[in-house]
Amino acid sequence: MTEHVFRQTYTEFRDPLYRFAYRLTSSQPVAEDLVHDCFLGLFRGGFDPARGGIRTYLYAAIRNLARKHYRDSGREFENSEPIAESALETMLNRETADAVRLAVESLPPLQREVLVLFEYEELPLAEISVIVDADLAAVKSRIFRARERLRKVLAPLREVA
Amino acid sequence: MIEDDNELRRLLGTWSAPPPSGSLDERVMRSVRFGKRQSTGWKLWGALAAAILLVAVLATASRFKQERQLEAGPNGVNSLSTTVSASGFVPLEEGRIIVSKTNGSDGVN
């Protein structure tokens, strides 16, 4: 990949990838690290056009780096424990944005990633299934369960609104 | 198809990611430039190492060839030989040991 093409790709995808990384990790420095490593991998020739589009590749790279981050920090991605709902309820008095952030953070990681890709990044389900390496039915199921949980946790805010 | 939930989406929309720090762009570009330089540097070092290896192999082969030629000698025979002239050698017809006594002392002839 030439530096010119790389710069164009970086300019186009930096913000969405950073947002995705941030919403997966809830940490600005970690999200920046993931974006940095993701683009470095792209520059070193990690992208194979035969295997899909550049956007899918980049989101999948961020997702895999986030999983690695979880593993390296001693947290299990698939089975990490969500925050207890009672703790969430006490926090719901905070600002709405904080409450939403906590609610999303409380999701199991596999639900969290598909929810972020679907609700925030507005990616099509087929592309999400490639990014998270799961079949379409599993993706739909995770989104359904994530939304159910969020509706329950954020119910007080919905009533106020 | 997943049904829309505009109310939930509106709530989710209240949580926005903070912008990345200004240093991210510089950091990525610096890494890319460094990676590029490193990559070029490795190519140069690789070519140099290959050239040195080739010269070493050729020098060893040449030296080996010279040694083989020295061992083979001018006629090209690949062995060392020692020759002794046996001209004038006459073997004893009947070898025998004679013990004799001379002037009070024993002697062996």
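So you know, we letter chains A, B, ... as the sequences are listed, proteins then strands, and number each from 1.
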Enquirer: So, using salt bridge (charged side-chain N to carboxylate O under 4.0 Å, His left out) as the criterion, who are the partners of R142(A) when residues are at least two apart?
Expert: none

Enquirer: Without swapping roles, check the side chain of Y18(A) against the backbone of A17(B) for a donor-acceptor pair under 3.5 Å.
Expert: no

Enquirer: Once you round to the nearest 0.5 Å, how far does OG of S23(B) lie from NE2 of H36(A)?
Expert: 10.0 Å

Enquirer: In terms of hydrophobic clustering (I, L, V, M, F, W, Y; side-chain heavy atoms under 4.5 Å; direct or indirect links), are I128(A) and V130(A) co-clustered?
Expert: no

Enquirer: Looking at every heavy atom in both V100(A) and L11(B), which two are closest together, and how far apart are they?
Expert: CG2-O, 3.2 Å

Enquirer: Can you tell me how far apart CZ (R101(A)) and OG (S16(B)) are? Round to the nearest 0.5 Å.
Expert: 11.5 Å

Enquirer: Out of curiosity, does L117(A) fall in the hydrophobic cluster containing L12(B) (side-chain heavy atoms, cut-off under 4.5 Å, transitive links)?
Expert: yes

Enquirer: So which heavy atom on D15(A) is nearest to which on P20(B), and how close?
Expert: OD1-CG, 4.2 Å

Enquirer: Parallel under 30°, tilted from 30 to 60°, perpendicular over 60°: which one fits the rings of Y22(A) and W15(B)?
Expert: tilted

Enquirer: Over all heavy atoms of both residues, which pair between E32(A) and L24(B) is shortest? Give the atoms and the distance, please.
Expert: O-CD1, 3.6 Å

Enquirer: Measuring heavy-atom distances to chain B, does R147(A) have an atom under 4.5 Å in its side chain, in its backbone, in both, or in neither?
Expert: both

Enquirer: For the pair E119(A) (side chain) and G13(B) (backbone), establish whether a donor and an acceptor sit closer than 3.5 Å, ignoring hydrogens and angles.
Expert: no

Enquirer: Is there side-chain contact between V32(B) and F39(A), with heavy atoms separated by less than 4.5 Å?
Expert: no

Enquirer: So, for S31(B) and L40(A), which heavy atoms are closest and what is the spacing to 0.1 Å?
Expert: CB-CD1, 3.6 Å

Enquirer: Find the distance between CG (L8(B)) and CG (L115(A)) and round it off to the nearest 0.5 Å.
Expert: 7.5 Å

Enquirer: Find the distance between CZ (R10(B)) and OG1 (T96(A)) and round it off to the nearest 0.5 Å.
Expert: 7.5 Å

Enquirer: Give the member of V35(A), L136(A), L150(A), D33(A) that has the highest number of heavy-atom pairs under 4.5 Å with chain B.
Expert: D33(A)

Enquirer: Sequence neighbours excluded and cut-off under 3.5 Å, please list the side-chain donor-acceptor pairs for residues 4-13 of chain A, or say none.
Expert:
| residue | atom | partner | partner atom | Å |
| --- | --- | --- | --- | --- |
| T9(A) | OG1 | V5(A) | O | 2.8 |
| Y10(A) | OH | D25(B) | OD1 | 2.6 |
| T11(A) | OG1 | R7(A) | O | 2.8 |

Enquirer: Side-chain heavy atoms under 4.5 angstrom apart, residues restricted to Ile, Leu, Val, Met, Phe, Trp, Tyr: same cluster for W45(B) and I52(B)?
Expert: yes

